[in-house]
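Numbers for residues simply follow the sequence, beginning at 1. All values derive from a computational prediction rather than experimental measurement.
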Amino acid sequence: MTSEEEVTRRGRARVFDIISLGTQYDFLSCFFDYVLVTMIALNLVILIVDTFDSAVFLRPLYRPVEYVTVAFFTVEYALRVWTADYLYPDRTRQKAVLAFVFSFYGLIDLFTILPYLLPVFFPTGFVAFRAFRVFRILRLFRINAQYDAFNVVVDVLKRQRQQLFSSICMILIMMFASSMCMYSLEHEAQPQVFQNAFSGIWWSVSTLLTVGYGDIYPVTTMGKAMAIVISFLGVGLVAIPTGIISAGFVEQFSRMRTFSQVSDGDDIKFIMLTLEDDHPWSGQRIRDITLPPELIIVTIVRDTNVIVPKGPVRFKVNDKVVLGALEFKDDIGIELHEFEVTSRHPWKDSLIRDISIPKDTTIVSVFRHDRALIPRGDMQIHQGDYVTICKKSQ
């Protein structure tokens with residue numbers, strides 16, 4: 001690899017760090033996140049203001065802001081495509097680009113800039129392309145990606161997806177059954193209102209999910225009696241998903257609270273390594289480091305920040321790297337603890353990737369049957385395991 005290619009590779013890697021990782025110790029990365037959220041907020045405000053006819057005199061003022069934000073989104077999308085192979089390191093560059101372009105966030109990024117790019121190539125269809133601007137609201141998902149607090153909702157929905165699917169199926173069955181019953185009872189009395197089965201479906205939706213809109217309602221005695229029964233059943237059925245989601249939030253926060261209490265065990269001992277200028281790890285990514293199977297990188301201390309080690313994180317000179325060993329104690333804000341998973345512990349029989357833990361905490365190792373295991377997402381925690389955790393001191 002020539003020196004020019006090496007510079008390009010390092011530049012692309014640095015750009016990926018800034019736009020994708022969002023680590024708190026990197027000023028440019030944090031600054032990019034704040035700018036991105038600000039641009040999204042400005043673009044959405046303009047989207048709302050543009051719907052008011054009385055605000056037409058403001059268009060000369062906010063149009064330049066809109067163009068700047070769209071230009072920012074376009075450059076961001078191009079950079080994400082340019083660095084897609086770092087997001088998918090196990091794929092070739094062409095396949096990585098395709099994987100990003102057709103990913104959820106890749107499609108959101110594309111749809112939010114298409115309304116401005118298409119008229120450039122197809123001027124005659126400008127009016128039609130303006131309808132695509134509604135996709136800018138999807139940029140809210142990008143804000144969701146910047147904050148872990150929003151991900152709690154996603155985690156709850158994922159955990160409760162089977163129960164939610166079952167309850168939604170029950171609601172749909174009730175909806176179709178009630179619509180057909182109401183159509184059969186009311187069609188002859190008011191054929192202009194209950195014209196077909198779809199009219200019954202609209203009535204069932206507005207009755208089961210709301211209090212009704214008053215545009216379609218029964219007039220016969222049997223229809224009114226059926227409406228009373230369906231309304232009572234609808235209240236109970238609609239309450240089921242709400243209860244499932246509420247129980248999921250309670251369970252989620254209970255797990256996080258339980259996690260904060262698992263630090264009652266004995267302190268674990270570890271070894272700290274400081275990277276000097278000539279250390280072979282300096283400048284390398286964690287995923288590129290080869291370690292003996294007996295060792296594991298627990299955490300990285302950089303200045304006053306505690307960094308959870310992940311594959312894309314790059315080592316720097318003067319980093320303090322904590323390695324799994326027999327003993328470690330420090331005064332810079334790290335707590336290392338070990339605890340046993342009992343029969344009543346909430347982690348029992350759970351996959352590591354499904355365990356909800358704070359952002360500044362990581363599972364270091366799992367000790368099972370006199371053998372130390374490196375924790376991975378698909379590893380299941382068993383009763384009797386001794387789990388080591390590392391977290392930042394409060």
Side-chain angles (χ1 to χ4, degrees), residues 148-149 151-164 244-273 286-287 289 291-301 306-311 313 321-330 332-394:
D148 290 341
N151 294 328
V152 174
V153 178
V154 178
D155 292 339
V156 170
L157 294 178
K158 285 183 178 179
R159 290 181 182 277
Q160 308 294 333
R161 61 183 179 274
Q162 294 182 348
Q163 296 89 330
L164 288 173
I244 292 173
I245 295 175
S246 299
F249 275 107
V250 172
E251 180 183 356
Q252 182 83 353
F253 288 111
S254 296
R255 290 183 179 183
M256 298 179 69
R257 184 170 59 252
T258 302
F259 182 85
S260 65
Q261 298 171 352
V262 300
S263 58
D264 296 333
D266 297 331
D267 290 344
I268 300 301
K269 301 175 181 179
F270 285 75
I271 292 176
M272 175 179 281
L273 171 67
I286 291 180
R287 62 168 170 245
I289 301 298
L291 289 175
E294 299 84 7
L295 292 179
I296 183 175
I297 299 174
V298 178
T299 190
I300 302 172
V301 180
V306 178
I307 303 168
V308 176
K310 296 182 180 179
V313 175
V321 183
V322 181
L323 300 176
L326 292 178
E327 180 175 10
F328 170 71
K329 291 184 178 180
D330 76 331
I332 54 179
I334 300 177
E335 294 179 5
L336 300 168
H337 299 281
E338 182 184 58
F339 63 94
E340 182 182 5
V341 178
T342 61
S343 60
R344 297 184 178 181
H345 197 280
W347 290 8
K348 177 179 174 292
D349 298 331
S350 297
L351 297 178
I352 289 181
R353 64 168 171 260
D354 294 333
I355 297 175
S356 299
I357 58 177
K359 183 178 180 180
D360 57 352
T361 309
T362 184
I363 298 176
V364 175
S365 65
V366 179
F367 197 75
R368 179 182 300 165
H369 303 308
D370 298 329
R371 182 183 177 188
L373 305 177
I374 297 177
R376 303 185 186 278
D378 57 355
M379 179 185 293
Q380 189 177 47
I381 302 296
H382 295 166
Q383 180 179 345
D385 287 351
Y386 285 86
V387 180
T388 303
I389 62 173
C390 173
K391 64 179 182 178
K392 185 177 180 180
S393 300
Q394 299 297 327

How about R353: does its CZ atom have over 12 heavy atoms from other parts shown lying under 6.0 Å from it?
yes
Closest non-hydrogen contact found for I381 with W347 is CB-O, 3.5 Å
Just jot down the side-chain contact (heavy atoms from CB on, under 4.5 Å) partners of I289, sequence neighbours excluded, or say none.
W281, Q284, L291, F315
Check the pair L323, V298 against side chain to side chain contact (heavy atoms under 4.5 Å, CB included), reporting the backbone distance first and the verdict last.
CA-CA 5 Å; L323 300 176; V298 178; 5.8 Å; no
Closest heavy-atom contact between S343 and K348?
O-CD, 3.4 Å
For D385 against Q380, the heavy-atom pair lying closest together:
OD2-O, 4.3 Å
Side chain to side chain, V364 and V322, heavy atoms closer than 4.5 Å:
no
Nearest non-hydrogen partners of P375 and S365, listed with the distance:
CD-CA, 3.7 Å
Who are the side-chain contact (heavy atoms from CB on, under 4.5 Å) partners of E340, not counting sequence neighbours?
Y386
Please work out whether the ring planes of H345 and F339 are parallel, tilted or perpendicular, with thresholds of 30° and 60°.
parallel
Apply the side-chain contact (heavy atoms from CB on, under 4.5 Å) test between I352 and each candidate in D378, I363, V387; give the one that qualifies.
I363
Within a strict 4.5 Å, meaning less than it, do heavy atoms of the T362 and T299 side chains meet?
no
